[in-house]
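Below, read A as the first sequence line, B as the second, and so on, with proteins coming before strands; counting in each chain starts at 1.
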2 protein chains.
Amino acid sequence: MANALADMGDEELLALDNQLCFLLYSSSRMMTALYRPLLDQLGLTYPQYLVLLVMWEYQGREGDRDKEVTIKMLGERLLLDTGTLTPLLKRMEQQGLLVRQRAVNDERKVLVSLTPRAQELKAGAAEIPRALLCHSSLGDEELIGIRDGLRLLLNELVSK
Amino acid sequence: MANALADMGDEELLALDNQLCFLLYSSSRMMTALYRPLLDQLGLTYPQYLVLLVMWEYQGREGDRDKEVTIKMLGERLLLDTGTLTPLLKRMEQQGLLVRQRAVNDERKVLVSLTPRAQELKAGAAEIPRALLCHSSLGDEELIGIRDGLRLLLNELVSK
DNA sequence: CGCAATTATATTGTGCACAATATTTTAAAC
DNA sequence: GTTTAAAATATTGTGCACAATATAATTGCG
């Protein structure tokens, strides 16, 4: 009865722990906090780490023509707009992690490419999820269940 | 095999969609985006809405002596520190949603109390989760499964 | 061709998050 | 009863998020 989401009273509907939204919000921040000390060692913030993940993903695909990555592509993958990405990428450029340059064939586009310095971070970056998975008291099945549930939810949320 | 989290290769470990962290981060932001137009009507941001939820929760408990709510209590419940809460609560005070005053018996504490104006928002606030639950294509069981999984995960994350 | 609409990015301004530090008040230890 | 430590909040500074707007390049249409 406490779980029939449809017909709850106001009190129950507004209970913090019943709000999927709050659970997502808190879990996300706590998870990022867990990453922080490890990312600090690499000199990265969490969103910067995400940008690298996307860049590595695109580079891995042999099929893509030219492997060019635009700001727009990053934004679509990370669900972020240029108001967030432009200053973030500028900071990463100043740290020598990437280069931004206008595309010659279409000067509206900005092509992002990683420097060797950023390439070298890849091995260290892979140690982060490995380290975090290790000292988790939740079992693999639990984690996979949560992951799959979140994939469904995110799909649902994006399509609105 | 793609799900044996322990022994993945670098590529697979770093894949964006395999990162619980990214799923949480994106889902949280997309969920907040869904709340935004509804909260706009109430003149609230999402963190401000959370503060109201906690205040309403404490007020509902007849047992609590004096029903006094300090900034520390809000921070513990929302997992936020004073660097976030102090300016946030000041903004809410300026909007006439709450009052902040030092406790007489312990002048380190700041007591937060809602104004009638904030009380009146409660009914409208309850309509928000109701409205969002309605047009979800995910079933109740799915949502409850995700919620329970996130409760487990958040518990795990907080205890570190 | 000329021009309106679209596309890609940049800019501005507000509000979080959070680390680091400071301030004030209370409690504890001697 | 001072001194010291601890507790509660405030302040400062950086980096996101995101709405709103602006700018420049390209496309499409009559």
Side-chain angles (χ1 to χ4, degrees), chain A residues 21-22 24-37 39-41 43-51 68-95 97 100-112, chain B residues 21-22 24-37 39-41 43-51 68-95 97 100-112:
Chain A
C21 193
F22 176 66
L24 288 169
Y25 165 79
S26 311
S27 300
S28 175
R29 286 192 302 112
M30 293 303 102
M31 183 68 93
T32 304
L34 220 56
Y35 273 71
R36 194 166 296 118
L39 289 173
D40 279 349
Q41 292 181 257
L44 296 172
T45 65
Y46 182 68
Q48 290 171 4
Y49 171 71
L50 292 181
V51 167
E68 291 187 341
V69 182
T70 64
I71 293 182
K72 180 177 172 53
M73 290 163 72
L74 288 172
E76 284 173 346
R77 192 78 180 86
L78 297 175
L79 305 175
L80 291 171
D81 66 7
T82 67
T84 300
L85 283 175
T86 295
L88 189 154
L89 294 173
K90 280 184 179 175
R91 281 187 290 269
M92 291 182 78
E93 187 172 37
Q94 286 184 343
Q95 293 179 243
L97 291 171
R100 302 176 319 129
Q101 52 188 344
R102 291 279 168 179
V104 286
N105 59 329
D106 185 345
E107 295 220 341
R108 290 172 304 181
K109 299 181 182 175
V110 170
L111 301 182
V112 178
Chain B
C21 193
F22 176 65
L24 288 169
Y25 166 80
S26 311
S27 301
S28 176
R29 287 191 303 113
M30 294 303 103
M31 183 68 94
T32 304
L34 218 56
Y35 272 71
R36 194 165 296 117
L39 289 173
D40 279 348
Q41 292 181 255
L44 296 172
T45 65
Y46 182 66
Q48 290 171 4
Y49 171 70
L50 291 181
V51 167
E68 291 186 341
V69 182
T70 64
I71 293 182
K72 180 178 172 53
M73 289 163 72
L74 288 172
E76 285 174 344
R77 192 76 181 87
L78 299 175
L79 305 174
L80 292 170
D81 66 5
T82 66
T84 300
L85 284 175
T86 296
L88 190 154
L89 293 173
K90 280 185 179 175
R91 281 187 289 270
M92 292 181 78
E93 187 171 36
Q94 285 184 344
Q95 292 180 245
L97 291 171
R100 303 177 317 131
Q101 52 187 343
R102 292 279 167 178
V104 286
N105 59 329
D106 184 345
E107 294 221 341
R108 289 173 304 181
K109 299 181 182 175
V110 170
L111 302 181
V112 178

Counting heavy atoms from C-beta on, name the nucleotide in C:dT9, C:dT26, D:dA25 closest to the side chain of A:Arg108.
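For the A:Arg108 side chain, the nearest candidate turns out to be D:dA25.
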Output the single nucleotide from D:dG15, C:dC16, D:dT9 whose closest atom is nearest the side chain of B:Thr45.
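Nucleotide nearest to B:Thr45's side chain: C:dC16.
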Name the orientation class of the two ring planes belonging to A:Tyr49 and A:Tyr35 (parallel below 30°, tilted from 30 to 60°, perpendicular beyond 60°).
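Taking A:Tyr35 first and then A:Tyr49, their aromatic rings sit tilted (interplane angle of 30° to 60°).
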Atom [atom1] of [X] to atom [atom2] of [N]: distance rounded to whole Å?
{"X": "B:Tyr35", "N": "C:dG15", "atom1": "OH", "atom2": "P", "answer": "22 Å"}
{"X": "B:Asp81", "N": "D:dA10", "atom1": "CG", "atom2": "P", "answer": "12 Å"}
{"X": "B:Leu89", "N": "C:dA17", "atom1": "CG", "atom2": "C1'", "answer": "14 Å"}
{"X": "A:Arg102", "N": "D:dA25", "atom1": "CZ", "atom2": "P", "answer": "8 Å"}
{"X": "B:Gln101", "N": "D:dT9", "atom1": "CD", "atom2": "P", "answer": "13 Å"}
{"X": "B:Leu85", "N": "C:dA19", "atom1": "CG", "atom2": "P", "answer": "14 Å"}
{"X": "A:Glu107", "N": "D:dT23", "atom1": "CD", "atom2": "C1'", "answer": "14 Å"}
{"X": "B:Tyr49", "N": "C:dC16", "atom1": "OH", "atom2": "P", "answer": "16 Å"}

What's [X] touching, base or sugar-phosphate or nothing? Going by heavy atoms closer than 4.0 Å.
{"X": "A:Thr84", "value": "base"}
{"X": "A:Asn105", "value": "sugar-phosphate"}
{"X": "B:Thr32", "value": "nothing"}

With DNA chain D as reference, determine whether A:Pro87 or B:Lys90 sits nearer its 5' end, using the nearest nucleotide of each.
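Result: B:Lys90.
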Measure the OG1-CG distance between A:Thr82 and A:Leu74 for me, rounded to the nearest 0.5 Å.
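If we round to the nearest 0.5 Å, A:Thr82:OG1 and A:Leu74:CG are 12.0 Å apart.
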Is A:Glu107 salt-bridged to A:Arg102, cutoff N-O under 4.0 Å?
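Result for this pair is no, no salt bridge flagged.
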Can you tell me if A:Tyr25 touches the phosphate of C:dA17, counting only side-chain N or O atoms and a distance under 4.0 Å to OP1 or OP2?
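Indeed, a polar side-chain atom of A:Tyr25 lies that close.
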Given that A:Gly83 and A:Asp106 both sit by DNA chain C, which one's nearest nucleotide is further toward the 5' end?
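Its nucleotide being nearer the 5' end, the pick is A:Asp106.
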